[in-house]
Protein chains: 2
Amino acid sequence: MVEPTRDPPGSGSPAREQPPAALSDRLGYLLGRAHMEHRSVAERALASLHLGVKEYGALSVLVEEGPLSQQRLGARQGVDRTTMVAVVDQLERNRLVARRRNPDDRRAYSLHATPAGRRALEQANQAVEGAEDEFLAGLSAADRRRLKNLLRTLIAP
Amino acid sequence: MVEPTRDPPGSGSPAREQPPAALSDRLGYLLGRAHMEHRSVAERALASLHLGVKEYGALSVLVEEGPLSQQRLGARQGVDRTTMVAVVDQLERNRLVARRRNPDDRRAYSLHATPAGRRALEQANQAVEGAEDEFLAGLSAADRRRLKNLLRTLIAP
DNA sequence: TATTGTTATACTCTATAACTATA
DNA sequence: TATAGTTATAGAGTATAACAATA
């Protein structure tokens, strides 16, 4: 295992070595490496839109399922409400999400994606799909579908 | 995205929700969820052997490729040498790895797996294979091979 | 009394910088 | 001068505890 660390802060990717043979049949190693390498491609693709993966995920859920309270938005992704504060702060600063008050419960927000937020999500989806294409370049279209279906089966409750 | 957070420190798994539809076709989300859920199963399986995933990975590489210096052992996994100190400390405390001096370069260690370390690795491999079986329970043997092969293709240099 | 959002704080993980002993 | 291992420290990320406003 030892899922390798993310790319170094300063530079680009380090000169990666050959995967250790002792680990190359371990599912944890394969999932960790794939996840890390994909994330690095996806982060680059989203950077031009000033979105991190956390913000992208939250915006996606909000556009599809909103309006939502801040706590519900976090719960949909398994993220603590205290962590959501900074994520929504960031989205609000960029005018992609608006914090309205929920008149039925004035403790909670009613978070709405703005029109600019919906447009940004469309662009971000294209960017992320481009990143997936790049990452999956070595697989046929059928294999890409197979991979996603296998993963979906694994994480289905 | 927003690869969900690892299980909470205190409790077991939180009551997970249905995956957000907006993300269920995103490769990053699928890889992140799969990786996290598998890791949680693998950590449980290794806990009875007093091994973490980092220690397991290091021991695996050392048994297969050793003897190695501490820095080389880290480099094989993309891990910084400063991070390896505590990992090898832990393995040495449990008498699974011995730090000998390399007579050709007395700055460096020559790390060796002890006989107990090799025995522990065999047990750990069985435990991790059991964890994989548990995690992959929903897939046929052919699909399990397919999944690993697809992931290997993706991360191959 | 319980809950939403917030802040302050702590904890985990990992890297960078600086030190030592060797080369 | 450079490198292996070590330590101290800093940074990112996320959680817990405590607080104000509201229920």
Side-chain angles (χ1 to χ4, degrees), chain A residues 1-14 32 35-36 39-40 43 52-55 57-58 62 67-93 97-112, chain B residues 1-14 32 35-36 39-40 43 52-55 57-58 62 66-93 97-111:
Chain A
M1 258 59 143
V2 172
E3 287 80 31
T5 58
R6 22 222 138 276
D7 287 352
S11 73
S13 292
H35 181 211
M36 181 195 68
R39 169 133 72 180
S40 137
E43 278 172 348
V53 288
K54 291 200 295 279
E55 288 73 23
L62 194 57
L68 255 48
S69 78
Q70 209 164 285
Q71 185 153 205
R72 281 297 305 148
L73 177 57
R76 290 296 291 129
Q77 302 161 88
V79 171
D80 192 86
R81 65 196 163 125
T82 63
T83 301
M84 292 308 299
V85 177
V87 175
V88 176
D89 280 355
Q90 173 71 20
L91 290 167
E92 190 184 41
R93 258 195 304 276
V97 165
R99 279 172 160 128
R100 305 187 197 158
R101 278 291 162 194
N102 177 353
D104 295 344
D105 183 347
R106 294 175 35 72
R107 295 171 302 183
Y109 290 134
S110 175
L111 298 177
H112 292 255
Chain B
M1 260 60 139
V2 171
E3 286 80 33
T5 58
R6 23 220 137 279
D7 287 352
S11 73
S13 294
H35 181 212
M36 180 196 68
R39 167 134 72 179
S40 137
E43 278 172 349
V53 289
K54 291 200 296 280
E55 288 73 25
L62 193 56
L68 255 48
S69 78
Q70 209 164 285
Q71 186 154 204
R72 281 297 305 147
L73 177 58
R76 291 296 292 127
Q77 303 160 86
V79 171
D80 191 88
R81 65 196 165 129
T82 62
T83 302
M84 291 309 297
V85 176
V87 175
V88 177
D89 280 355
Q90 173 72 20
L91 290 168
E92 191 184 39
R93 255 194 306 275
V97 165
R99 279 171 160 131
R100 306 187 196 156
R101 277 293 162 193
N102 177 353
D104 295 344
D105 182 347
R106 294 174 35 73
R107 296 170 303 182
Y109 290 133
S110 175
L111 298 178

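These figures come from a predicted structure and were not determined experimentally. Quick note on labels: first sequence line is chain A, next is B, and so on, each numbered from 1.
- Within 4.0 Å of B:Asp105, counting heavy atoms only, lie sugar-phosphate atoms of the nucleic acid but no base atom.
- A side-chain donor-acceptor contact under 3.5 Å links B:Glu55 to the backbone of B:Gly52.
- Qualifying salt bridge (charged side-chain N to carboxylate O under 4.0 Å, His left out) partners for B:Arg99, counting only residues two or more places apart in sequence or in other chains: B:Asp89, B:Glu92.
- Listed by chain and number, the residues in a side-chain hydrogen bond (donor to acceptor under 3.5 Å, both in side chains) with B:Asn102 amount to none (sequence neighbours excluded).
- When the P atom of C:dA8 is taken as reference, atom CG of A:Asp80 falls 17 Å away, rounded to whole Å.
- Distance B:Asp104 CG to D:dT3 C1': 15 Å, rounded to the nearest Å.
- Under 4.0 angstrom from either OP1 or OP2 of C:dA15 there lies at least one side-chain N or O belonging to B:Thr83.
- For A:Ser69, there are no side-chain hydrogen bond (donor to acceptor under 3.5 Å, both in side chains) partners, not counting sequence neighbours.
- Atom-to-atom, CG of B:Asn102 to C1' of D:dT3 comes out at 13 Å; the value is rounded to the nearest Å.
- Put simply, CE on A:Met36 is 16 Å from C1' on C:dC13, counting in whole angstrom units.
- A:Thr83 meets the side-chain hydrogen bond (donor to acceptor under 3.5 Å, both in side chains) test with no other residue; sequence neighbours excluded.
- Taking atom CZ of residue A:Arg39 and atom P of nucleotide D:dA12, one finds them 15 Å apart after rounding to whole Å.
- When rounded to the nearest whole Å, the span between CD of B:Gln90 and C1' of C:dT12 equals 15 Å.
- A search for side-chain hydrogen bond (donor to acceptor under 3.5 Å, both in side chains) contacts involving A:Gln71 returns nothing, not counting sequence neighbours.
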Write out a two-atom table: protein N or O, nucleotide N or O from nucleotides 5-9 of chain D, distance below 3.5 Å.
from  : atom 1 : to       : atom 2 : distance (Å)
D:dG5 : OP1    : B:Gln70  : N      : 2.8
D:dG5 : OP1    : B:Tyr109 : N      : 3.1
D:dG5 : OP2    : B:Gln71  : N      : 2.6
D:dG5 : O3'    : B:Tyr109 : OH     : 3.2
D:dG5 : N7     : B:Arg81  : NH1    : 2.6
D:dG5 : O6     : B:Arg81  : NH1    : 3.3
D:dT6 : OP1    : B:Tyr109 : OH     : 2.9
D:dT6 : OP2    : B:Gln70  : OE1    : 3.3
D:dT6 : OP2    : B:Gln70  : NE2    : 2.5
D:dT6 : OP2    : B:Arg99  : NH2    : 3.3

